[in-house]
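Here is how names work: the chains are called A, B, and so on, in the same order as the sequence lines, proteins then strands, and each is numbered from 1.
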Amino acid sequence: MLKIYNSLSRNKQTFTPIEANKVRMYVCGMTVYDFCHLGHARVMVVFDMVSRWFRASGYDVTYVRNITDIDDKIIKRAFDNGETIDVLTQRFIDAMDEDSARLGIIRPDIEPRATQHIDGMITMIAKLIEKGHAYQSSNGDVFYSVRSFADYGKLSGKSLDDLRAGERVEVDSFKKDPMDFVLWKSVKPNEPNWDSPWGKGRPGWHIECSVMSAHHLGAHFDIHGGGQDLQFPHHENEIAQSEATHNCQMANTWMHNGFVRVDDEKMSKSLGNFFTIRTVLEKYDPEVVRFFILRAHYRSPLNYSDVHLDDAKASLTRLYTSLRGHEVSTHKIDWSQPQAARFKEAMQDDFNTSEAMAVLFDLANELNKTKQTTTANLLFNLAGVLGLLQQDANDFLHGAGTTINTNIGVAVASGFQAQVSFVPSDIDHLIQARLEAKKSKNFAEADTIRKQLADTGIILEDTPQGTTWRRA
RNA sequence: GGCGCGAUAGCAAAGCGGUUAUGCAGAGGCCUGCAAAGCCUUUUAGCCCGGUUCGACUCCGGGUCGCGCCUCCA
């Protein structure tokens, strides 16, 4: 039995699909006006892991992750850049796709864009007005009336009377209640707009998710996910819109992943302490980043630093080292096998990837001792459920997945001297030369060669099967 | 002011009312020409104060500290 922490009930609950063997899942994706940062990487990786686990468990999964391609920040950024919104958003959608592919993320089944669902939003807004949940104010904007929805605050645990609207942001005087939020914004000069019964304008932020989730998954679906910062007001508002429109529960389970932090503070644009995915990938293999994210439980805060990435890299290196030299292939996992059962138990407990990974390390230890290919295959396939260890071991250890420049002549700063790194063919030649030296018991020469390689970050390892190498 | 989360060894990070988490780092050993990798052994824990219990890191209460949400944010 799979248990998931449900933000709505604030405890772990046994997951029961609405329709047998099917999971319908909606996750709030990116607003595409800039490169994705590590916080975005976490959402993508976490829910990729969740969908992979459902599939590994035999569920038929429909995973929808939206793209917000119209909003204030996009309009502003496009204006500042002197480009059209379409050009701007497409560029960052492409960048996002590239980043997510590198992180080993399986694309969601459906990636709807807000601008493709304007009609649906207009229909829903009209319905909300008709049912008395929304109103058009004198400035033309249409607002949702939070007081009209009795359950408002049930997700975030907030009470309308306790919310301090206006304390930090000036309240829009056109609202009946300070917490009312906009469904439709009337047109402003030089802004993109669509026709609607309330005049030309564009949608507010929250309405898109209510419309797109219902369109692709139905009014009532299994799981809604996103970053913790979306719990309020975004998800609260989605519930208010959807449940008022459809008269039924929106999502059974709400999942929120924890923040990525820097120096114990939330990584965010406003604090300026964010690292984009591509910046981090200049230095680390994407799988190291994926490993780093999955090593912690998805709801815990995750502190980012180079030290932690280095640590993750060392750990992942241990797993790949154990796999080296084994022929592995994709197999169906026998979940009755003790280690597989332990892995499964961990995953069934609210996706405890941390514990699941401990199983991988135990398998690596077993593999190092027994050298059994069946163990290698189990390790490979269990890790595969997490989207890990799917590279060729030597490719990973040789640093093929990194952007470390392997061209001759590229200087690697080290101490006072710039040193030169080698291409793999040079390394092979040097390894051969060292083996010759060893054969003739010229250990001084052999050690010189090894030192020469070590100075450029190449570590040699002699094994009964010959000499292998890896990047430090 | 309201609401919520967390505090585990040098670092990271889990489970668990009594039995080795796990990874990195440290120590010793085996292996190795020497290393590296690997294997074996091992040192460092559970914010503070009470309570429950035969027994608490684990449950309960109270502190302290840190973080988050209440505004756009993954």
A.B. asks: Answer yes or no: is there an ion pair linking A:Glu98 with A:Arg278, defined by an N-O contact shorter than 4.0 Å?
C.D. replies: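 Salt bridge present between A:Glu98 and A:Arg278.
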A.B. asks: Between P on B:A37 and CG on A:Leu367, what's the gap in Å once rounded to a whole number?
C.D. replies: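 Taking CG of A:Leu367 and P of B:A37, I get 17 Å after rounding.
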A.B. asks: What nucleic acid atoms does A:Arg470 come within less than 4.0 Å of, heavy atoms only: base, sugar-phosphate, or nothing?
C.D. replies: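 If one applies the 4.0 Å heavy-atom cut-off, A:Arg470 turns out to touch the sugar-phosphate alone, with no base involved.
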A.B. asks: Just by distance, with hydrogens left out, do A:Ser322 and A:Asn368 show a side-chain donor and acceptor under 3.5 Å apart?
C.D. replies: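 Side chains of A:Ser322 and A:Asn368: no pair found under 3.5 Å.
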A.B. asks: Taking any heavy-atom pair under 4.0 Å as a contact, classify A:Phe443: base, sugar-phosphate, or nothing.
C.D. replies: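 Base contact.
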A.B. asks: Take atom CZ in A:Phe79; do more than 12 heavy atoms of anything else shown fall under 6.0 Å from it?
C.D. replies: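 At most 12 heavy atoms, drawn from other residues, nucleotides or ligands, come within 6.0 Å of this atom.
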A.B. asks: Counting only side-chain nitrogens and oxygens, does A:Lys158 get under 4.0 Å of the OP1 or OP2 atom of B:G4?
C.D. replies: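 For A:Lys158, the contact criterion (side-chain N or O under 4.0 Å from OP1 or OP2 of B:G4) is not met.
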A.B. asks: Between A:Asn365 and B:C40, is there a contact of a side-chain N or O with OP1 or OP2 at under 4.0 Å?
C.D. replies: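 Answer yes for this pair, as a side-chain N or O of A:Asn365 is under 4.0 Å from OP1 or OP2.
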A.B. asks: Could you state the CG-C1' distance from A:Asn303 to B:A7, rounded to the nearest angstrom?
C.D. replies: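 In whole Å, B:A7 C1' lies 13 Å from A:Asn303 CG.
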A.B. asks: Measure the distance from CD1 on A:Ile449 to C1' on B:G33 and round it to the nearest whole Å.
C.D. replies: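 Atom-to-atom, A:Ile449 to B:G33, this comes out as 15 Å.
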A.B. asks: Apply side-chain contact (heavy atoms from CB on, under 4.5 Å) to the pair A:Leu302 and A:His297, showing each step before the final yes or no.
C.D. replies: CA-CA 9 Å; A:Leu302 181 62; A:His297 184 85; over 6 Å; no
A.B. asks: Whether A:Lys158 engages the ring of A:Phe232 as a cation-pi pair (distance to the six-membered ring centre under 6.0 angstrom, angle to the ring normal within 45°) should be assessed.
C.D. replies: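 Yes, A:Lys158 lies over the aromatic ring of A:Phe232.
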A.B. asks: So, does the side chain of A:Asp264 form a donor-acceptor pair with the base of B:G66 at under 3.5 Å?
C.D. replies: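 No, the side chain and the base share no sub-3.5 Å donor-acceptor pair.
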A.B. asks: Just by distance, no angles: are the side chains of A:Glu287 and A:Gln391 close enough, under 3.5 Å, to form a donor-acceptor pair?
C.D. replies: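 There is such a pair (donor and acceptor under 3.5 Å, judged by atom type) between the side chains of A:Glu287 and A:Gln391.
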A.B. asks: Check the pair A:Asp310 / A:Tyr284 against side-chain contact (heavy atoms from CB on, under 4.5 Å), numbers first and verdict last.
C.D. replies: CA-CA 9 Å; A:Asp310 288 341; A:Tyr284 294 96; 2.7 Å; yes
A.B. asks: Closer to the 5' end of RNA chain B via nearest nucleotide, is it A:Asn352 or A:Leu316?
C.D. replies: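 The answer here is A:Asn352.
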A.B. asks: Using a cut-off of strictly less than 4.0 Å, decide whether A:Lys369 has a side-chain nitrogen or oxygen near OP1 or OP2 of B:C40.
C.D. replies: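 Checking B:C40 against A:Lys369, a side-chain N or O does come within under 4.0 Å of OP1 or OP2.
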A.B. asks: Any side-chain N or O of A:Arg318 under 4.0 Å from OP1/OP2 of B:C39?
C.D. replies: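 A:Arg318 to B:C39 OP1/OP2: side-chain N or O found under 4.0 Å.
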A.B. asks: How many whole angstroms separate atom CD1 of A:Ile458 from atom P of B:A35?
C.D. replies: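 Rounded to the whole Å, the gap is 21 Å.
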A.B. asks: Under 3.5 Å for both distances, Watson-Crick or G-U wobble, that's the pair rule; now give the dot-bracket for RNA chain B, with | marking pairs to another strand and [ ] for crossing ones.
C.D. replies: (((((((..(((.....[...))).(((((.......)))))....(((((..]....))))))))))))....
A.B. asks: Determine, for nucleotides 25-32 of chain B in 5'-to-3' order, which nucleotides have protein heavy atoms under 4.0 Å from the base (write B), from only the sugar-phosphate (write S), or from neither (write -).
C.D. replies: --------
A.B. asks: Categorize A:Arg342 for me: base, sugar-phosphate, or nothing, with a 4.0 angstrom heavy-atom threshold over every strand shown.
C.D. replies: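 Result for A:Arg342 = nothing.
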A.B. asks: What's the CZ-C1' distance between A:Phe259 and B:G4, to the nearest Å?
C.D. replies: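 A:Phe259 atom CZ is separated from B:G4 atom C1' by 11 Å.
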A.B. asks: What I'd like to find out is whether the side chain of A:Lys154 reaches to under 4.5 Å of the side chain of A:Leu8, using heavy atoms alone.
C.D. replies: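 In short, these two side chains touch, coming nearer than 4.5 Å.
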A.B. asks: Cationic tip of A:Lys269 within the cone over A:Tyr33's six-membered ring, i.e. under 6.0 Å and within 45° of the normal?
C.D. replies: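 Verdict for A:Tyr33: a cation-pi partner in A:Lys269.
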A.B. asks: For residues 24-32 of chain A, dump all side-chain donor-acceptor pairs below 3.5 Å to protein atoms at least two apart in sequence or in another chain.
C.D. replies:
from	atom 1	to	atom 2	distance (Å)
A:Arg24	NE	A:Leu217	O	2.9
A:Arg24	NH1	A:Glu19	OE1	3.2
A:Arg24	NH2	A:His220	O	2.9

A.B. asks: With no angle test and no hydrogens, is the base of B:C34 tied to the side chain of A:Arg450 by a donor-acceptor pair under 3.5 Å?
C.D. replies: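 Counting by modelled atom types and ignoring angles, a donor-acceptor contact under 3.5 Å is found here.
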A.B. asks: Does the side chain of A:Asn257 get closer than 4.0 angstrom to OP1 or OP2 of B:A74 through an N or O atom?
C.D. replies: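 A:Asn257 to B:A74 OP1/OP2: no side-chain N or O under 4.0 Å.
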A.B. asks: Specify the residue among A:Asp362 and A:Ala296 whose closest nucleotide of RNA chain B lies further upstream toward the 5′ end.
C.D. replies: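 Looking at the nearest nucleotide for each, A:Ala296 comes out on the 5' side.
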A.B. asks: Taking only the side-chain heavy atoms of A:Arg434 (C-beta and beyond), determine which of B:C34, B:A14, B:C39 contains the nearest atom.
C.D. replies: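 The nucleotide sitting nearest to the side chain is B:C34.
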